[in-house]
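Heads up, the thing below is written out as structure tokens.
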Amino acid sequence: MSDERDALASQRVARVMRVRERIEHACARAGRQPAEVRLIAVTKYISKEETAKLYELGLREMGENRWQVLREKISADLPVSWHFIGPLQTNKVKEVVRSVSYVHSLDRKKLADALSAEVQKAGVRIRALIQVNVTGEPQKSGVTPDQIDGLLEYVLEQDGIDVAGFMTIGVQGATEYDARATFSRLREIRDRAEARFHVKLPELSMGMSADFEWAIEEGATMVRVGRELTGDGKNLHDSI
Ligand SMILES: *Cc1c(COP(=O)(O)O)cnc(C)c1O
């Protein structure tokens with residue numbers, strides 16, 4: 001049994017090192033510094049105990065897409081920054097704003113209203129990214145590019161919300177060309193929004209296991225990596 005535990009531990013170390021190395025290489029290709037790119041370890045495939053092991057390996061920013069699961073992991077009291085990266089229902093906002101550093105999925109005025117109301121009650125502020133459905137896929141969350149200005153103008157007026165930038169999810173199975181086009185489009189959206197609203201929107205949350213290197217080359221400041229760091233949890237030897 002302990003052989004198996006050792007094997008899993010070394011697999012875990014190797015995965016984390018490999019992802020960090022790939023981030024560094026992508027930064028080098030793009031002429032960027034690795035410190036400009038934050039690795040958000042998406043922990044949705046792994047348990048609370050395994051999440052703690054990632055903390056021991058130096059990961060300090062973690063992402064979850066479901067409040068029920070995040071709440072359980074927060075109870076482990078790891079001193080990490082949590083990023084809420086999934087669809088957010090307004091009835092979860094009260095708890096979420098007390099627990100996370102960033103919400104990556106701000107996609108409607110009603111959610112902005114709820115966030116603003118709850119942060120004021122809690123006496124905190126929340127950093128939020130506007131989620132954009134760059135390619136307009138029908139099943140995907142996020143505002144379409146033509147809805148951005150309306151939402152951004154609204155959110156900028158809400159007390160307690162610091163809009164930090166934008167988030168997108170790349171198209172699954174996209175070619176390098178298409179993936180990079182999506183990410184560079186988000187960067188252009190950001191540049192245009194900064195100019196139009198005279199605000200700084202530095203964060204671009206884009207890139208997952210399948211496409212994080214391309215996202216970095218297109219300007220990502222946060223990559224949300226799950227499977228490549230943790231395995232997908234489907235079989236023991238493939239997970240950490
Ligand atoms: C699951 C998830 C990720 C991580 O996906 P991987 O492909 O496992 O790296 C990133 N962002 C969001 C919004 C997710 O739901």
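Predicted, not measured: the structure shown is a model, and the values here were computed from it. Remember, it's 1-based here, ligands and their atoms both numbered in the order they're listed.
Under the salt bridge (charged side-chain N to carboxylate O under 4.0 Å, His left out) test applied with Glu217, the options Arg29, Arg22, Arg32, Arg187 reduce to a single match, Arg29. Between Glu64 and the options Arg71, Lys73, Lys44, a salt bridge (charged side-chain N to carboxylate O under 4.0 Å, His left out) holds for only Lys73. Screening Val96, Ile74, Ile40 for a side chain to side chain contact (heavy atoms under 4.5 Å, CB included) involving Trp82 leaves a single residue, Ile74.
Counted by atom type alone, Thr144 and Gln147 present one or more donor-acceptor pairs between their side chains at under 3.5 Å. Side-chain atoms of Ser205 and Arg224 form a donor-acceptor pair, as typed in the model, at a separation below 3.5 Å. Side chains of Ser116 and Gln120: a donor-acceptor N/O pair is present below 3.5 angstrom, by distance only.
The contact set between ligand 1 and Tyr45, taken as ligand atoms under 4.0 Å from a residue heavy atom, comprises 8 (O). Every atom of ligand 1 is numbered from 1 in the order shown, and the set under 4.0 Å from a heavy atom of Ile85 is 11 (N), 12 (C), 13 (C), 14 (C). The distance from ligand 1 to the heavy atoms of Val225 drops below 4.0 Å at these ligand atoms: 9 (O). Per-residue contacts place Ser209 under 4.0 angstrom from the following atoms of ligand 1 (heavy atoms of the residue considered): 6 (P), 7 (O), 8 (O), 9 (O).
Phe166 does not carry Arg190 over the face of its six-membered ring by the limits of under 6.0 Å from the centre and within 45° of the normal.
When hydrogens are left out, the protein atom nearest atom 11 (N) of ligand 1 is Arg224 NE, 2.9 Å; that is the closest non-hydrogen contact. Atom 5 (O) of ligand 1 has as its closest protein heavy atom Met208 CE, 3.5 Å. Atom 8 (O) of ligand 1 has its closest protein heavy atom at Arg227 N, 2.8 Å. The shortest contact between atom 14 (C) of ligand 1 and any protein heavy atom is with Lys44 NZ, 3.1 Å.
Residue contacts with ligand 1: Phe212 is excluded, as none of its non-hydrogen atoms falls under 4.0 Å.
No N or O atom of Ile169 sits closer than 3.5 Å to an N or O atom of ligand 1.
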